[in-house]
Amino acid sequence: MKTDRRRFLLAAGAAALAASLQAQADGLAEIRQRGSLRVAVYNGFVPWSDKGNGIDVELAQALGKQLGIATQVVGYNADEDMDDDLRNMVWKGHYLGQQPSDVMMHVPVDSYLQGKNEKVKIFGPYHLETIAVARIQRIGSIRGSAATALEVFTREKIGVEGRSLADAFLLGVLNGRLRENVVHFNSVAAAVEKLKAGDLAAVMGPRSEIEQALGKDNRFTLEVVQMPELKINSWPIGMAVKAEETALADTVGEALRVLQKNGTVASIFARHGITYVQPTL
């Protein structure tokens, strides 16, 4: 009886594994049969994705080309947090009726985020984002590097996007002594506009967004933040698929590696004037 039971359990396990592998293969085959890879990007997220343009849009299209399949890039509005975005864009869809996509761009490749989102698989890091400070170039009250010494902002104004990593850092650092001089904006671009107008001494935020907003204005210095108080000053950006779509993740991941190796990814960043940093995961 024990032998029969063991055989039954082994057979059941093998059947479950076969069904799982078949479902993975069917998911990728379904995409090819459909004729297009549906890729989710954020709406209004310059320089990454905005009105059909941006780094994430071009990278999605390049991935589709590498796979030999058309790419349908779909824009989604950001929700309250990344957990909501993963639900809306990848595994369930939005409650207002927008269906999920096959692949989502611009997902932090983070073990904690992965651990609390078991319905998705996060993979394929394609850029290392960093926190940076753009500051006006003058000898006066800002001396040295504003990216390594923040004491100056007890006297000078610094702009940030509200409810961001840079915002939380500046409000808490130096025992809160900078609070009165931290100015909040709806976006990094809006903060940089005030910097250009002379209303701020500096702006802190993701380097890519600051670079995009500064353009070729050489009145300002941009420095990556190097401070022990900032526990997270960089993070890899990657993609996500439904948890069961491991075959799709492997296929897209391999296509990404080819595009990184042949210089396609770097050239996309260069066209947008953004410094590309390849993750070393």
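Fair warning: this is a prediction, and the values are worked out from it, not measured in the lab.
- Shown here are the side-chain hydrogen bond (donor to acceptor under 3.5 Å, both in side chains) partners of Glu151, two or more places apart in sequence or in another chain: Arg177.
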>> Using the rule given for side chain to side chain donor-acceptor pair (under 3.5 Å), can you reason through Tyr42 versus Asp56, listing the C-alpha separation, both sets of side-chain angles and the distance that settles it, and then say yes or no?
In response: CA-CA 9 Å; Tyr42 284 101; Asp56 284 344; over 6 Å; no
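- Scanning all heavy atoms of the two residues, the minimum distance from Ile232 to Leu165 falls at O-CD2, 3.4 Å.
- Remark: the backbone N or O of Asp85 is not paired with any side-chain donor or acceptor of Asp79 at under 3.5 angstrom.
- Salt bridge annotation for Asp199-Lys157: absent, with no cationic side-chain nitrogen under 4.0 angstrom from a carboxylate oxygen.
- With values rounded to the nearest 0.5 angstrom, Leu128 atom CG is found 10.5 Å from Gln278 atom CD.
- Linking ILVMFWY residues whenever their side-chain heavy atoms come closer than 4.5 Å, directly or via other members, leaves Val46 and Val74 in distinct clusters.
- Looking at heavy atoms from C-beta onward, Arg207 lies out of side-chain contact with Ile210 at the 4.5 angstrom threshold.
- In terms of heavy atoms, Glu118 sits closest to Ala243 at O-CB, 3.3 Å.
- Counting non-hydrogen atoms of neighbouring residues, nucleotides and ligands closer than 6.0 angstrom, the NZ atom of Lys196 exceeds 12 such neighbours.
- Following chains of ILVMFWY side-chain contacts shorter than 4.5 Å, one can reach Leu28 starting from Leu67, so the two form part of one hydrophobic cluster.
- For residues 119-128, there are no salt bridge (charged side-chain N to carboxylate O under 4.0 Å, His left out) pairs, not counting sequence neighbours.
- Here the closest non-hydrogen pair linking Leu113 and Pro108 is CD2-O, 3.5 Å.
- Leu171 places a side-chain heavy atom less than 4.5 Å from the side chain of His184.
- Nearest approach of Glu161 to Asp167, heavy atoms of both residues: O-CB, 3.5 Å.
- Put simply, the side chain of Met105 reaches to within 4.5 Å of the side chain of Val39, judged on heavy atoms.
- Atom-to-atom distance recorded for Phe123:CZ and Asp250:CG is 8.5 Å, nearest 0.5 angstrom.
- The side chain to side chain donor-acceptor pair (under 3.5 Å) pairs that include a residue from residues 63-73 number zero, where partners must be two or more places apart or lie in different chains.
- Residues Leu200 and Phe185 form a side-chain contact, since some pair of their non-hydrogen atoms from C-beta on lies under 4.5 Å apart.
- Connection of Leu222 to Val277 is not established within any shared hydrophobic cluster, with ILVMFWY side chains joined at heavy-atom distances below 4.5 Å, either directly or through further cluster members.
- Between Arg219 and Ile136, every side-chain heavy-atom pair lies at or beyond the 4.5 Å cut-off.
- Within a 6.0 Å sphere centred on CG of Asn186, heavy atoms belonging to other residues, nucleotides or ligands number 12 at most.
- Across all non-hydrogen atoms, the minimal contact from Val160 to Ala191 is N-CB, 4.5 Å.
- Between the CE atom in Met104 and the CD1 atom in Ile122 there is a gap of 8.5 Å [rounded to 0.5 Å].
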>> Applying side chain to side chain contact (heavy atoms under 4.5 Å, CB included) to Ile268 and Arg271, what does each step give before you reach the verdict?
In response: CA-CA 5 Å; Ile268 291 173; Arg271 279 198 297 275; 3.3 Å; yes
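- Between atom CG of residue Asp84 and atom CG of residue Asn77 there is a gap of 13.0 Å, rounded to the nearest 0.5 Å.
- Here OH of Tyr126 is found 6.0 Å from CG of Leu59. Values are rounded to the nearest 0.5 Å.
- Here the rule is salt bridge (Lys or Arg N to Asp or Glu O under 4.0 Å) with Asp102, and of Arg34, Arg32, Arg38 only Arg34 fits it.
- Residue Ser208 is tested with His127, His272, Glu129 for a side chain to side chain donor-acceptor pair (under 3.5 Å); the sole match is Glu129.
- Linking Ile, Leu, Val, Met, Phe, Trp and Tyr whenever their side-chain heavy atoms come within less than 4.5 Å puts Met227 and Leu178 in one cluster.
- Under a hydrophobic-cluster definition in which Ile, Leu, Val, Met, Phe, Trp and Tyr are linked whenever side-chain heavy atoms come within less than 4.5 Å, directly or via other members, Met239 and Tyr276 are assigned to the same cluster.
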>> Apply side chain to side chain contact (heavy atoms under 4.5 Å, CB included) to residues Val183 and Lys194 and explain how you reach the verdict.
In response: CA-CA 10 Å; Val183 185; Lys194 290 297 183 180; over 6 Å; no
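- To the nearest 0.5 Å, atoms CD (Glu58) and CG (Leu63) are separated by 12.0 Å.
- When all heavy atoms of Gln99 and Tyr76 are compared, the closest pair comes out as O-OH, 2.7 Å.
- A perpendicular orientation is assigned to the rings of His106 and Phe45, their planes being inclined by more than 60° (bins at 30° and 60°).
- When side chains are defined from C-beta on, Val203 does not count as touching Leu214, because their heavy atoms never get closer than 4.5 Å.
- Taking a cutoff of 4.0 Å between a charged side-chain nitrogen and a carboxylate oxygen, Glu156 and Arg135 do not qualify as a salt bridge.
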